[in-house]
Amino acid sequence: MSLLRRVTFPVLVASMLCAMFLSIPLQGQDQTAPKADLFGGYQWLSPGGKVPIIGTANPVQGQNLPDLSRGFGFAFGYNFHPLFAVEADYGGDWRTGYNGFNIQTFSVGPRFTARTENMNYFVHALAGLNQLNTPFVGNHSGVGAILGGGMDLKVMKYLSIRLLEADYQWARQNFASRVPPDQPDLRRSSFSGVRLRSGLVLNLGVGGPEVPPSAACSAQPTEVMVGEPITLTATPSNFNPKHTVTYSWTTTGGKLTAKDGTASVDTNGIAGGSYTATAHIRDPRAKNNNEATCTANFAVKEPPKNPPTMSCSVNPTSVQAGQSATMTCDCKSPDSVPVNVSGWNASGGTVTGSGSSATVNTAGTAPGAINVTATCTDSRGLTVSSSAQLTVTQPQPSKEFQQLEARLGLGHSIYFPTAQPTPQKPDGGLLPSQQKTLLALATDFANYLKAKPDAHLILEGHADPRGSAAFNQALSERRVNRAKSFLVENGVSADHIDVKAMGAQHNLTPDEVRSSVEQNPDLTPGERQRILRNMRTIILASNRRVDITLSTTGQTSVKQFPFNAADSLSLIGGREVKGAPAKKTTRKPRTKKPATTQ
């Protein structure tokens, strides 16, 4: 009977486990698993082997191990994967019967688990230590192995019931130190038996709360004309994939035809507007979190009223300021209703139009781009606007104007005698030759303002460095104010004159004066040499001046030094420079002038 059990039970266990796992379809498996699980429960063990009885009898006799019905077992499994785990197992027994037999097993090995919605099926193959305790041979430890499996019924999230665990248990014990060599079967005994278990399983680290089911709805297309169909789709999420869910559809407009997760809407006969379709999804087998709802919006449009279309062009696209251009607009209605073009408007100049064309007048317009816009309206009140751009350029100046601007652009400098004008006579000091220069400048500038009314003259007064800073500043102010007043007296508006008094700042350097003398085309080589020998006098005279420039050009003035003037003798301080084009006078003894007169 013992041999039959040893052979039959492993085959029976293996067949049961294979049938169990093959009966679970792969797609029906629940792929969620706790981090770990802990089993504790009752154990029944039939060891199925003999131990030697050591006593006075000779030879030593063998004793069959009895069934151990007062057992208990524990197992801890760590799940690396929903299907695979490493399991540590302990099995023990209280001493039973008059012989007091006891077997403890300490095993570890892999476990494979197939998980379904309500049941978990597992097989494991464990190896470890088998400890035997008998009153005849005491405690003996040997190697052991366990092969089997079982099934757990899910009760709740954290608790399962192990309905049955059936294992084939094998062990090898060595009694060679207590048994004579003539009894080899007892010296090294093998045990192969049956282990049955049942108990509770705690599921550890199951995770957070269940994600409630949800659904997403879509409409395709989202906008149709009246009479065109809409296709609706509902996609559920987080429902149990092994359950069949039910769908119910509603809509705020149109005729609905539904089949499970899809539906269609017939929009014939409904008014234009926005509508909503709703899908209700339910899992009849689930007790909690078994419903989800989603919506999809769609729009139905009535036959459109197309607004008119219009394009505009301007000819020519570029004109000089003061010239005119023609703008033409082409307006049409896609629905073939009457249209009218009006509402002409321009960002510059003036525009007058009738029908589909208008004239743009650029008189008084600054150079740049002008946007011209018109509006087209159909008989139903639908409108459209269109625009075109006209570029206005600066008129080309005449040759006379170019020559005038060239003269003004060169700039001029006028010169004053030493310390002139004085505080007592602020209107003095302007010699005839310098007045002649200013008169010509005033005439040219008055003509220039007719074409460029925003132009300005910039007057910058200077003094030579022989006086104090305060004296030089006041003197340069009197000089520049005298030049300005003379221009105003001769027709130039004061609003077009800007003045600056520089004192002795920014005076011409000796090198600058020398360079100007050397480049003066009106001097002969001999005259130039004689002037250069009197550079101190020339430098001082060259800085008693007012520079006049035209604001629109930004060029520096042309400095025509005192010896170029008809009254140069007065301008250079009363000293004649031989070779200069000035009237010869009797040379007087040179006297040193005070530093405050220049």
Enumerate the salt bridge (charged side-chain N to carboxylate O under 4.0 Å, His left out) contacts for [range], please, sequence neighbours excluded, ordered by first and then second residue.
range: residues 250-277; answer: none
range: residues 330-350; answer: D335-R380
range: residues 365-375; answer: none
range: residues 355-367; answer: none

Under 3.5 Å, side chain of [X] to main-chain N/O of [Y], donor-acceptor pair present?
X: S347; Y: N371; result: yes
X: N268; Y: V226; result: no
X: R544; Y: A463; result: no
X: T267; Y: E228; result: yes
X: Q529; Y: G526; result: no
X: T391; Y: S318; result: no
X: N361; Y: T350; result: no
X: E223; Y: A299; result: no
X: T252; Y: T276; result: yes
X: T362; Y: T365; result: no

I need the minimum non-hydrogen distance between [X] and [Y], along with the two atoms involved.
X: A215; Y: C294; result: O-CB, 3.4 Å
X: P465; Y: A504; result: CA-CB, 4.1 Å
X: G461; Y: V546; result: CA-CG2, 4.0 Å
X: I538; Y: S542; result: O-OG, 2.7 Å
X: T373; Y: S387; result: OG1-CB, 3.5 Å
X: E302; Y: G272; result: OE2-N, 3.3 Å

Partners of T443 by side chain to side chain donor-acceptor pair (under 3.5 Å), sequence neighbours excluded?
none
Distance from [X] atom [atom1] to [Y] atom [atom2], nearest 0.5 Å?
X: H412; Y: L550; atom1: NE2; atom2: CG; answer: 11.0 Å
X: I458; Y: T549; atom1: CD1; atom2: OG1; answer: 4.5 Å
X: T251; Y: L232; atom1: OG1; atom2: CG; answer: 7.0 Å
X: H456; Y: L449; atom1: NE2; atom2: CG; answer: 8.5 Å
X: N543; Y: E512; atom1: CG; atom2: CD; answer: 9.0 Å
X: S214; Y: F239; atom1: OG; atom2: CZ; answer: 7.5 Å

Given side-chain contact (heavy atoms from CB on, under 4.5 Å), test Y247 with T262 step by step and report yes or no.
CA-CA 9 Å; Y247 298 83; T262 60; over 6 Å; no
Take H496 and F445 through the side-chain contact (heavy atoms from CB on, under 4.5 Å) test and state the conclusion after the steps.
CA-CA 10 Å; H496 292 275; F445 187 63; 3.8 Å; yes
Going through the distances and angles, do R536 and N534 end up as a side-chain hydrogen bond (donor to acceptor under 3.5 Å, both in side chains)?
CA-CA 6 Å; R536 173 173 171 79; N534 294 271; over 6 Å; no
Any heavy-atom pair between the side chains of [Y] and [X] that's under 4.5 Å?
X: P421; Y: R478; answer: yes
X: T293; Y: T278; answer: yes
X: L382; Y: P308; answer: yes
X: L532; Y: R514; answer: yes
X: N507; Y: H462; answer: yes
X: V372; Y: V314; answer: no
X: V265; Y: F298; answer: yes
X: T222; Y: N297; answer: no

Determine, step by step, whether T326 and V360 satisfy the side-chain contact (heavy atoms from CB on, under 4.5 Å) criterion, reporting the C-alpha distance in whole Å, the side-chain angles of both residues, the deciding distance to 0.1 Å, and the verdict.
CA-CA 6 Å; T326 300; V360 184; over 6 Å; no
Side-chain donor-acceptor pair present, [X], [Y], cut-off under 3.5 Å:
X: D547; Y: S413; value: yes
X: S385; Y: T375; value: yes
X: S333; Y: D378; value: no
X: R479; Y: N481; value: no
X: S515; Y: Q519; value: yes

State whether the SG distance for the cysteine pair C376/C329 is less than 2.5 Å.
no
Taken in chain and number order and not counting sequence neighbours, the residues that satisfy salt bridge (charged side-chain N to carboxylate O under 4.0 Å, His left out) with K452 are E405
Could you check L438 against N490 for side-chain contact (heavy atoms from CB on, under 4.5 Å), going step by step and ending with a plain yes or no?
CA-CA 9 Å; L438 288 177; N490 288 276; over 6 Å; no
E477 with K484: basic N within carboxylate O range, under 4.0 Å:
no
